[in-house]
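Here it is, the structure, as structure tokens.
Numbered from 1 within each chain, the chains take letters A, B, ... in sequence-line order.
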Amino acid sequence: MNEPADSPNPDSPSTGSAGGSGTDFIREKIAADVADGPYGGRVQTRFPPEPNGFLHIGHAKAIALNFGIAEEFDGTCVLRFDDTNPDTEDSRFVDAIQDDIAWLGYRPSTIAYASDYFGRLHDWAVQLIEAGLAYVDDQDAETISANRGGFTEPGVDSPWRDRTVDENLDLFARMRAGEFAEGEKVLRARIDMNHDNMAMRDPVMYRIRHSHHFRTGDDWKIYPTYDWAHGQSDAIEGTTHSLCTLEFDTHRPLYEWFHEQLGLAEDRPRQTEFARLNLTHTVMSKRKLAQLVSDGLVDGWDDPRMPTLRGLRRRGYPPEAIRAFAAHIGVARVNGTHEIELLESFVRTHHNTHALRRMAVLDPLEVVITNWPEGLADTRQAVNNPEDDTAGTRDVPFGGRLFIERADFMVDPPKKFYRLAPGREVRLRAGYFITCTDVETDDDGEIVRLLCSYDPETAGGQAPDGRKVKATIHWVSAAHAVDGTVVLYDRLFTDSHPGADGTDPLASLNPSSREIRTGCKLEPALADTPPGEVVQFERLGYFAHDLDEPLRFHRTVGLRDEWANIQKRRDL
RNA sequence: UGGCCCGUAGUUCAAUCGGCAGAACGCCGGCCUUUGGAGCCGGAUGUUGCAGGUUCGAUCCCUGCCGGGCCAGCCA
């Protein structure tokens, strides 16, 4: 009972999609294949990242889909690194990707590499050559591109298209042996240069690369392309359902062509495409993300403003919330953009039930309790989490000099402003009722100090005479406050759809996406917060303690703020 | 310009193989409150892209149009 609303529920596939029906087109298809498909009830998926960058929230959707389906159908999911391009790939990304997947809470059935299959792929290529279905082309990249034709123009057959099998075999062997320079020759599938689908116009299967591969070293001088490696790797591993994003839709006929020509059995993998994830106010393109990092617009791949898993982790996004979000949005074949607010609501939902409450004043205003007994030491007891009885309570020191949030006081409050004002009484959270009796200002009219009286009878927050106050505000005892740094984050891009109008997405980069506040007043208990832990600063939001720097907190997400909404409406 | 995919509340998705168009987030109103949070109650979201056709009946099937996405790397 009392199960958190955002906890993943592996028993119920219905958590896997939005709306009422409880399933999506992919799960429906898989269920049908399990019932009477060629796989004998077996389900195997795979997540095939290229180890050339860090994972982002978009990958999390694919991860949740593939691993989630494997769990739901009692199947398996392989983590396969698509390491077919030695020029861009690196083992440090392999480690980071594995780390991120583990953080999300998934465990691959097996970890594999496309490079494990280079030998097998080579032998299959020879088989296609022998069948007259592949040939070595001497044209250079530019010529191949030009001769591929256009959407309305048929392609032109390569002059090398009709080489004999023996010549192709010989040339291919010499490509492999490293006898040719990069770009001098490629192996192409022999399909149809007049096909409507450009992917079928004799696609390249192998190119020559003399680079060092991070796993196979210098063993190979030829490397398979995605189109050649991917489907065959799926088949070798026994994938039943190969789920990929929409842009591979036009490659599906080729995926199937290779399997058919190789004579693979009926239980061969089938590819199904789904829409990749887009989020408002951010970008998901690896290239743009890399540019943010290289141009110094963010601090690195793990900057808390980045949509990378590492960034979200530092920001304080819990993996449970990311999984719940992924399950909620489900999958479809329509390309769209989800509102970042939806993700944030899942983050709040999780932290609301898990995060300890603490008090912190970000913009301090001094309050002197004029009737506080000289030298009296007092300690209040505060609830750690009203949503979780087992979280207990903590002691919070109180005193005659306090800090409250500057925004919690107004000399001349407008309607619906319920907080402190001259002559008005409010409750200090877990403390006493105080009434503002006087305001001290400096020569510029700036408020420097509030004088207040407190009612000793209201210890704990209730008045014996039953009188009510409209607001409860947070505070920190000045004598006990710990100074800290709080980093506030806003949208990385001001535009909800950066670059959608054809301009550079970076043009709408938010110049104030980060605000660093030093000299914040924190209650003493915050000094004991473990690195990385997320707490709630009462009335402000959720904040993640920095992994390295003590007493530095990153705002994960704010609480929903009704007063801010009222103000916004007034301004409009 | 050719091929393929796709058009349902603001957004993202549903609608049990043709039967009264729903959910979540957001929004609006109210209640409650020792977080103006959370929670609770209620409400509006709409010519299902457009126009025809088939049918007793179309979001669903057919045709055309319009709009969006993807495809002419030896990237994935």
Using atom CZ of A/Phe325 as one end and atom C1' of B/rC25 as the other, report the distance to the nearest whole Å. 10 Å

In whole angstrom, what separates A/Arg539's CZ from B/rG37's P? 10 Å

Under 3.5 Å for both pairing distances: what stems, at least three Watson-Crick or G-U pairs long, include RNA chain B? B:2-7 with B:66-71, B:10-13 with B:22-25, B:27-31 with B:39-43, B:49-53 with B:61-65

Give me the distance, rounded to whole Å, that separates B/rC75 from B/rG18 when you measure between the C1' atoms they each carry.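 Looking at atom C1' only, B/rC75 and B/rG18 are 46 Å apart.
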
Heavy-atom protein contacts under 4.0 Å, nucleotides 69-76 of chain B, coded B base, S sugar-phosphate only, - none: SSBBSBSB

Would you measure the distance from the C1' atom in B/rU54 across to the matching atom in B/rG73 and give it in whole Å? 47 Å

When the distance from NZ of A/Lys468 to C1' of B/rG36 is rounded to whole Å, what number comes out?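 Computing the A/Lys468:NZ to B/rG36:C1' distance gives 16 Å.
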
Assess whether a salt bridge exists between A/Arg380 and A/Asp378, defined as any Lys/Arg side-chain N lying under 4.0 Å from an Asp/Glu carboxylate O. yes

On RNA chain B, more 5' by nearest nucleotide between A/Leu428 and A/Ala332 is A/Ala332

Using a heavy-atom cut-off of 4.0 Å across all strands, would you classify A/Gln462 as base, sugar-phosphate, or nothing? base

Decide if the gap between the ring center of A/His351 and the ring center of A/Tyr542 is smaller than 6.0 angstrom.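 Ring centroids of A/His351 and A/Tyr542 are less than 6.0 Å from each other.
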
Using the glycosidic torsion, which applies to B/rG53: syn (within 90° of 0) or anti (everything else)? anti

Please report whether the ring centroid of A/Phe537 lies less than 6.0 Å from that of A/Phe553.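 Ring-ring flag for A/Phe553/A/Phe537: true, centres closer than 6.0 Å.
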
Going by atom types alone, do A/Glu50 and A/Asn52 pair a side-chain donor with an acceptor below 3.5 Å? yes

Quick one: is B/rC6 close enough that its OP1 or OP2 comes under 4.0 Å of any side-chain N or O from A/Arg333? yes

Side chains of A/Ser242 and A/Arg46: do they bring a donor and an acceptor to under 3.5 Å?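 Yes, a side-chain donor-acceptor pair sits under 3.5 Å.
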
Tell me: CG of A/Asn278 to C1' of B/rG68, nearest whole Å?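 Value for this atom pair: 13 Å.
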
Inter-nucleotide C1' distance (B/rA23, B/rU16), Å rounded: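 Per the computed distance, 16 Å lies between those C1' atoms.
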
Check: B/rG10 base within 3.5 Å donor-acceptor of A/Glu339 side chain: yes

Rounding to a whole Å, what distance do you find between A/Phe543:CZ and B/rG37:P?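 These atoms are roughly 17 Å apart.
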
Below 6.0 angstrom between ring centroids: does that apply to A/Tyr223 and A/Tyr206?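 Between A/Tyr206 and A/Tyr223, which both carry aromatic rings, the centre distance is not below 6.0 Å.
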
Using only modelled atom types and a 3.5 angstrom limit, is any donor from either the side chain of A/Arg348 or the base of B/rG37 paired with an acceptor on the other? no

Side chain of A/Arg560: nearest nucleotide among B/rA24, B/rG26, B/rG36?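 In terms of side-chain proximity for A/Arg560, the closest of B/rA24, B/rG26, B/rG36 is B/rG26.
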
Salt bridge (Lys or Arg N to Asp or Glu O under 4.0 Å) partner of A/Glu344, chosen from A/Arg560, A/Arg555, A/Arg491: A/Arg491

For the P atoms, the ones on B/rG37 and on B/rG19, what distance do you get once it is rounded to whole angstrom?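 About 43 Å, rounded to a whole number of Å.
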
Say you pick atom C1' in B/rA14 and the same atom in B/rA24; how far apart are they, in whole Å?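 Rounded to whole Å, the distance is 11 Å.
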
State which of B/rC13, B/rU1, B/rA38 makes the closest approach to the side chain of A/Thr152.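 The answer is B/rU1, which lies nearest to the side chain.
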
When we call it a touch if two heavy atoms are under 4.0 Å apart, what does A/Pro253 touch: a base, just sugar-phosphate, or nothing? nothing

Separation of the P atoms in B/rU11 and B/rG46, to the nearest angstrom: 12 Å

Strictly below 4.0 Å, N to O, side chains only: are A/Arg333 and A/Asp249 in salt-bridge contact?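 Yes, A/Arg333 and A/Asp249 are salt-bridged.
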
B/rG53 and B/rC13: how far apart are their P atoms, nearest whole angstrom?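 32 Å, rounded to whole Å.
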
P gap between B/rA21 and B/rU45, integer Å: 12 Å

If I take atom CG in residue A/Asn194 and atom C1' in nucleotide B/rG3, what distance separates them, rounded to the nearest angstrom?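 About 12 Å, once rounded to whole Å.
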
Reckon A/Gln536 touches a base, only the sugar-phosphate, or nothing at all at heavy-atom distances under 4.0 Å?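 If one applies the 4.0 Å heavy-atom cut-off, A/Gln536 turns out to touch a base.
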
Indicate whether the side chain of A/His354 and that of A/Asp388 have a donor and an acceptor atom separated by less than 3.5 Å.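 Distance-only check fails for A/His354 and A/Asp388.
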
Between A/Leu559 (CG) and B/rG37 (C1'), how many Å, whole number?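 Those two atoms, CG and C1', are 5 Å apart.
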
Report yes if the distance between the aromatic ring centroids of A/Tyr135 and A/Trp160 is under 6.0 Å, otherwise no.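 So the answer is no for these two rings.
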
Given the side-chain rings of A/Phe248 and A/His230, with only the six-membered ring counted for Trp, is the space between their centroids under 6.0 Å? no

Roughly how many Å is it from CD1 in A/Ile26 to C1' in B/rC13, rounded to a whole number?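 About 14 Å, once rounded to whole Å.
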
